[in-house]
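Quick caveat, the model's predicted, so the values are computed rather than measured.
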Amino acid sequence: MKKTDIQDKLKSLAQNIDQEQFIYDFLLAFGFSKTTITRLKKGDYNLSKKEGELFYKGKIFFKVTTEDQLLHTIDELSKDEKIAKQKPRFIFVTDFVKGVTIDTRKKLNKEFELTALGELEQVDFFLPLSGAEIYRVENNNKADRDAAYKLGELYDLLVADNPDWVEKGTHQLNLFLSRLLFCFFAEDTGIFETKNIFTEALVNNTKADGSDVDDFLDILFSKLDSKPSNKIDFPDYLKGFPYVNGGLFGAKIDCPKFSKKTRKILIDTGELEWADINPDIFGSMIQAVADPEERNNLGMHYTSVINIKKLIKPLFLDELYEEFEKNKDNARALDKLLVRMSKIKFFDPACGSGNFLIITYKELRNLEIEIIKQLIDLNTRVAEEKQSVQSKIGFGADGAKTIVPDVQSKMNFSGAQSKIYFTEISLTQFYGIEIKDFAHEMAILSLWLAEHQMNQIFEAELLDNGQSKPILPLKEAGNIVSGNATRIKWEDVCPKNDGEEIYIIGNPPYLGSNMHSDEQRLEMQSVFKEENLDRLDYIGTWFMLGAKYIQNSTFKCAFVTTNSITQGVQVPFLWNKIFKKDIFIQFAVKSFKWTNNAKGNAGVSVVIIGLSADKTNQIYLYENNFAEKVNSISPYLIKNNNIIVSPLSSPPTGLPSLVMGNKPADDGNLLLTKDEVDELISNYPKSKKFIKKFISADDFLNGKLRYCLWIDTSEAEEAKQIPPIKERTERLFKFRSESKAKSTRDYALNDFSFRQISYKPTDGIVVPRVSSEKRDYIPMAYINDEFIVSDATNIMYDAQPWIFGVLHSKMHMIWVDAVGGKLETRYRYSAKLCYNTFPFPPLTAKQKESITIYVFAVLDERAKFPEKTMAWMYNPETMPTGLRQAHQELDLAIERVYRLAAFNSDEERLAYLFKMYEEMTTKETLFVKEKKIRKKK
């Protein structure tokens, strides 16, 4: 149920309290079925037979009392062992004026006026009754963090005290930590029958100086790996420990030596409340423990439940819930759905410590519980309908009345006991690959712990109708392989067969193209069978491998990725290859900040892309939590479009080229400040002819000005006659001669000039190569031939004013935003992708003249603010009203060139541009017939 629905019902209840009906209406508000309420009223589910009390196992103990007895009553009830044994989540006492309640799991108390029952504070407190807290969504949990920091402290000291032990390899260190984690968790959550058995055994059977802790742990680990049938004589204090198995304690490892301090930390760690630990976040936190460089960012690798659900819901979970809702009154169909769910495979080829697999497992178990509840409800309804026909009173052969025994009245109509359900969801359905050994161990352990947690919830939610198989001895905890996902055949890890239902999920490593190691480049080359992969992000490898895996099947794949693979040159390189495999984008979640609840987390802009080869699937595009059904999704995440824009080396015929500025590669020897220029000219007036103004993109935007030496080859000897210039050229020669790059060394003799030159002695339009995404327009400007622009800008020489208008238009900005690359979230303007590909209709002389008038209007508005920088003028918060209006008028003039009818949205503008681009490229690639040459007679 939605929280708002619960709140509305509680508000209504608070205004119209019927004392006899109150507790039943209260439970109905949280989504309890009418059948359940009926059975509570009959006493079938009510464990209390006292008037004014209701005791629903695992849910709530409710009692009516007088005002003066409220606090005393709830205090007594909270101490009652008989009540505690049935584990009610809430104890709720009221006199119908005030309410006093305890959350027994969170150990929280609350007192409130019953008229305030519908306020959000009370709704949130009781929300677990609705099933909304089957596991926590808010994972910024102090218990997780405390445990992680304690283990981090222990880890550091053990490593420092045991250098020889560490030299034996990280695997046994990782396995050792995993075993400790299991013991801590097991003694607090019922896996070990006796609470605190591990910590107490440690305290009572080891020396205070820690000298024998390693021996204690060696013997304990052996005990946990010993079947009951093994006739090994263990110390009496270990007899309460069960056989665990599962591979966790199978391998023989050396335990590290402990000191008095590390023993105390180990004991302090055991005294934490491990029942409050979340496997889905703690695995990631503890993974950071093993990497001191990441210690300050505990939890940074953790992916929140909310974000994981943005991927798994559209990929498969929404469809499973739809199937459930559609068949709520069809028991046979619900049974089939349970069987289907028990056979689905889930595969995360970059699983880390298992976040995606754990949340997927929990979500599947949650749905299974809801389905079984519905089946129980359906079976009860059928039984009650038949029982109401027969009644509880029957007739014997002689016509005498016979009373059906009370026990049988709690059976179904045939006298058979209600069905007992066991979970059919198995950890063996979950597959993963993880390159880091410790994360691999944590994924396995976390899945075990998640299974135990969900088994407890399964039994609590289903009461007498749900039972779990004992978790011990441990079974296989998924199929998690330690290795490099780019080198392992995915089919070997997660075998695939026709007719199976398989979902590939995850959040693989992003790593931009400039961050690849040599090994990663080799990995990418082996996947793509190409060497030139300099512009592709590392995550592209996972998309390619995912496409290969699902090709010609009904399997599906979805990954979280930085939005860079939906932009710029990566699009044609990656997506043409994927689409050629007859794979399409089945769903996508447009750009959002990927954050978690860890301290100090910094979100990165990401998208989620789901792939499929099954053309029968519906296609959805998600943005701001809104889903839109579409016909197709392009790699740019644009609806109803599959066009890919490839870079072009030159602009359309008749238009000037946009080129990169001039690259010094000079170690600062050719660049000068204003003071250096003044001094040089003052001492050597002839040097003035060799100096020009120099601007980078930052200089241009922020009103700065520098200078540079600009020496033609024919004047090099003359320039070197000036001592300060000669000194600079000598330093430049040395710098370039010692470069690692051969091309730079080869250019060392040109010690007087820039490394790359595009300058022309004419006016030009400056176009920064990078600009803030917050601006409505990328700032551009005309400069004269006195300026040399750096390679951080693009420049267009010999450009007429109307071209300036086109580049500075909204239509062009929409195109840049869609197909251009991004540097982080900032616009990256590429001539080959943004300018050369821009669809623009041919103009008449009159249209060019009209656009030019609007361009001068923009320039005139700028001229009114000579003291202000371009950055200030184009900041949306400070942009002058007149300048904004001039731009808007220019925008309309440009749009009228495309069509007379006004565009209604940017989406419509972009669709029009893509259609033009498609027509433009189709026209250019059409087969041109050879001219027929008439033969001479």
Side-chain angles (χ1 to χ4, degrees), residues 169-171 174 287 290-291 293-294 301 347-353 356 431-441 443 479-496 504-551 557-581 583 604 606 609 611 635 646-647 739-745 821-823 828:
T170 57
H171 178 71
N174 297 338
Q287 181 183 340
D291 190 343
E293 291 182 5
E294 300 175 8
H301 299 280
F347 176 33
D348 184 347
C351 69
S353 56
F356 272 80
Y431 300 77
I433 303 173
E434 173 50 39
I435 194 168
K436 291 186 177 180
D437 179 70
F438 187 66
H440 164 253
E441 295 295 334
N479 304 275
I480 313 299
V481 173
S482 179
N484 186 331
T486 66
R487 297 292 193 183
I488 297 175
K489 284 186 68 175
W490 289 10
E491 294 88 338
D492 292 343
V493 177
C494 182
K496 57 180 183 177
I504 302 174
I505 57 179
N507 184 12
Y510 306 143
L511 289 180
S513 57
N514 62 338
M515 298 175 68
H516 300 161
S517 67
D518 291 341
E519 180 64 25
Q520 287 164 344
R521 288 192 187 92
L522 291 174
E523 292 163 4
M524 295 175 72
Q525 289 167 7
S526 70
V527 171
F528 286 95
K529 311 302 180 189
E530 292 187 31
E531 290 191 6
N532 187 14
L533 299 166
D534 291 341
R535 300 299 296 275
L536 182 66
D537 286 359
Y538 190 47
I539 196 172
T541 313
W542 269 260
F543 275 92
M544 193 64 185
L545 290 169
K548 289 178 180 178
Y549 186 98
I550 69 173
Q551 189 176 12
C557 166
F559 291 129
V560 180
T561 172
T562 46
N563 50 19
S564 54
I565 68 163
T566 66
Q567 303 161 348
V569 294
Q570 295 198 55
V571 171
F573 181 87
L574 176 63
W575 291 100
N576 276 327
K577 290 177 171 58
I578 289 175
F579 287 169
K580 282 179 182 177
K581 296 184 179 298
I583 304 293
V604 60
V606 299
I609 299 177
L611 304 179
S646 297
S739 172
K740 292 181 180 180
K742 183 177 183 301
S743 59
T744 302
R745 294 196 303 272
K822 294 282 199 308
L823 183 63
R828 174 180 271 166

Residue set satisfying ring-ring contact (aromatic ring centres under 6.0 Å, His included) with F528, at least two apart, ordered chain then number -> F573

Write down the atom of Q570, the atom of L536, and the distance for their closest heavy-atom approach.
-> OE1-CD1, 3.4 Å

Hey, are the side chains of T561 and W542 touching, using non-hydrogen atoms and a 4.5 Å cut-off?
-> no

Please step through side-chain contact (heavy atoms from CB on, under 4.5 Å) for the pair I583 and K577, ending with a clear verdict.
-> CA-CA 9 Å; I583 304 293; K577 290 177 171 58; over 6 Å; no

So do the side chains of P508 and Y538 get within less than 4.5 Å of each other, counting heavy atoms only?
-> no

Would you mind reporting whether L611 and F559 have side-chain heavy atoms less than 4.5 Å apart?
-> no

Value rounded to 0.5 Å, distance of CG in L574 from CZ in F543 | 7.5 Å

Backbone N/O of I565 and side chain of W575: donor-acceptor pair under 3.5 Å = yes

Is the backbone N or O of G546 less than 3.5 Å from a side-chain atom of W490, with the two atoms forming a donor-acceptor pair by type?
-> no

Rounded distance [0.5 Å steps], CD1 in I539 versus OG1 in T562 | 6.0 Å

Is a side-chain N or O of E434 found less than 3.5 angstrom from the main chain of I480, in a donor-acceptor match?
-> no

Is the closest side-chain heavy-atom distance between I504 and P349 below 4.5 Å?
-> yes

CD of Q551 to CD1 of I578, rounded to nearest 0.5 Å, is 11.0 Å

Checking side-chain contact (heavy atoms from CB on, under 4.5 Å) for the pair F347/I433: CA distance, chi angles, key distance, verdict?
-> CA-CA 8 Å; F347 176 33; I433 303 173; 3.8 Å; yes

Supply the atom-to-atom distance N484 CG to I435 CD1, rounded to the nearest 0.5 angstrom.
-> 4.0 Å

Minimal non-hydrogen separation, G568 against P572, with atom names = O-CD, 3.3 Å

What distance do Q525 atom CD and E523 atom CD have between them, rounded to the nearest 0.5 Å?
-> 10.5 Å

For P635 against V571, the heavy-atom pair lying closest together | CB-CG1, 3.7 Å

Kindly indicate whether the side chain of Q520, heavy atoms from C-beta on, has any atom under 4.5 Å from the side chain of T541.
-> no

Kindly give the heavy-atom pair with the smallest separation between S526 and R487, and that separation in Å.
-> OG-NH1, 3.6 Å

Of all heavy-atom pairs linking M524 and D537, the shortest is CE-O, 3.7 Å

Would you say the side-chain atoms of K496 pair up with the backbone N or O of Y549, donor to acceptor, closer than 3.5 Å?
-> yes

Euclidean distance, D492 CG relative to N479 CG, rounded to 0.5 Å | 12.5 Å

What are the two closest heavy atoms between V481 and H440, and how far apart are they?
-> C-CD2, 3.7 Å

Residues that S482 engages under side-chain hydrogen bond (donor to acceptor under 3.5 Å, both in side chains), provided they are two or more places apart = none

